[in-house]
Amino acid sequence: MKGKFIVLEGPDRCGKSTQAKMLVNHLIALGKDVVLTREPGGTPTAEKIRQIVLEPGLDVRPMAELFLYEASRAQHTQEKIIPALEAGKIVICERYTMSTCAYQGYGRGIDLNIIDTLNKIATLDMKPDLTLVFLMSDKYFTERGEYLFSDRLEQEDIAFRQKMRRGYLEMIDKTPNAHLIDADKNISEIQARVTQLLKETHIID
């Protein structure tokens, strides 16, 4: 691919969206052609799937949840991400395959081998050039929530979030070009660390 693929991972309310927008503005200021997207979602079809999978009160069983996420990912990857990368653009995506492993694997208890196989199918085995994993202390989950427990995944309890966090930490060590970001820090400090990693990993010249 001609372009670069940057993924921002982490639990809800860890600051991904804020940092993604700041990163887009930073890269645009450098003259880069940037696409900002998200998962689940990113395209009209994938956004429809997002509505189903996150709707509060809807009974979605773990394996069905997994397949919904992977269906959204397949559509998103093939319709939006790959064409943008082939055109030489920098794609910044809020969440990708690591989140599925953290939520549906570590959180729900679905076999990680199954998830890995489905991730490879949905992404055509494409990997991010850089993965930034934002992790915060659990106390900030409620402090930072403007609309508390607004979707089905946010309604999970602290035990679920702890399993998910452990999953992210374990995956960072196993994933090439993945880096931990301390999301307890203030916005400017986090932004500085993100910018530093872009330079260290030669994502930007």
Verify the distance criterion only: is there a donor paired with an acceptor across the side chains of [X] and [Y] at less than 3.5 Å?
X: Glu9; Y: Thr131; result: no
X: Arg193; Y: Gln196; result: yes
X: His76; Y: Thr37; result: yes

- With no hydrogens and no angle check, is any side-chain donor or acceptor of Lys16 less than 3.5 Å from a backbone partner on Pro11?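 Looks like yes, one N/O pair under 3.5 Å.
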How long is the gap from [atom1] on [X] to [atom2] on [Y], to the nearest 0.5 Å?
X: Tyr103; Y: Arg161; atom1: OH; atom2: CZ; answer: 9.5 Å
X: Leu23; Y: Leu198; atom1: CG; atom2: CG; answer: 5.5 Å
X: Glu39; Y: Glu47; atom1: CD; atom2: CD; answer: 10.0 Å
X: Thr43; Y: Gln78; atom1: OG1; atom2: CD; answer: 10.5 Å
X: Leu197; Y: Asn177; atom1: CG; atom2: CG; answer: 10.5 Å
X: Met164; Y: Gln104; atom1: CE; atom2: CD; answer: 10.5 Å

Heavy-atom check, side chain of [X] versus side chain of [Y], under 4.5 Å:
X: Asp59; Y: Arg61; result: yes
X: Val34; Y: Lys89; result: no
X: Arg108; Y: Glu65; result: yes
X: Tyr168; Y: Leu180; result: no
X: Leu112; Y: Tyr106; result: yes
X: His179; Y: Val133; result: no

- Between Phe134 and Val194, does a side chain to side chain contact (heavy atoms under 4.5 Å, CB included) hold up when you go through it step by step? CA-CA 10 Å; Phe134 297 76; Val194 169; 4.0 Å; yes
- Give a yes or no on this: more than 12 heavy atoms of other residues, nucleotides or ligands lie within 6.0 Å of atom CD1 of Ile187.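 For Ile187, atom CD1 is not crowded (no more than 12 foreign heavy atoms under 6.0 Å).
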- Could you state whether Ile49 and Leu54 fall into the same hydrophobic cluster, counting links through intermediate Ile, Leu, Val, Met, Phe, Trp or Tyr residues with side-chain heavy atoms under 4.5 angstrom apart?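 Yes, because Ile49 and Leu54 connect within a single hydrophobic cluster, where side-chain heavy atoms sit under 4.5 Å apart.
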- Query: Should Leu36 and Lys21 be marked as a side chain to side chain contact (heavy atoms under 4.5 Å, CB included) after you check the CA-CA gap, both sets of side-chain angles, and the distance that decides it?
  - Reply: CA-CA 8 Å; Leu36 175 62; Lys21 292 171 185 175; 4.3 Å; yes
- Dump the intermediate steps for side chain to side chain contact (heavy atoms under 4.5 Å, CB included) on Glu189 and Asn186, then the final yes or no. CA-CA 5 Å; Glu189 288 176 315; Asn186 64 50; 3.2 Å; yes
- Task: May I have the step-by-step check of side chain to side chain contact (heavy atoms under 4.5 Å, CB included) for Leu58 and Ile52, ending in yes or no?
- Result: CA-CA 8 Å; Leu58 199 63; Ile52 295 172; 3.9 Å; yes
- Test side-chain hydrogen bond (donor to acceptor under 3.5 Å, both in side chains) on Thr45 and Glu79 and set out the steps. CA-CA 10 Å; Thr45 300; Glu79 180 182 347; 4.9 Å; no
- Query: Under the 6.0 Å and 45° cation-pi test, does Arg73 pair with Tyr96?
  - Reply: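 Yes, a cation-pi geometry holds between Arg73 and Tyr96.
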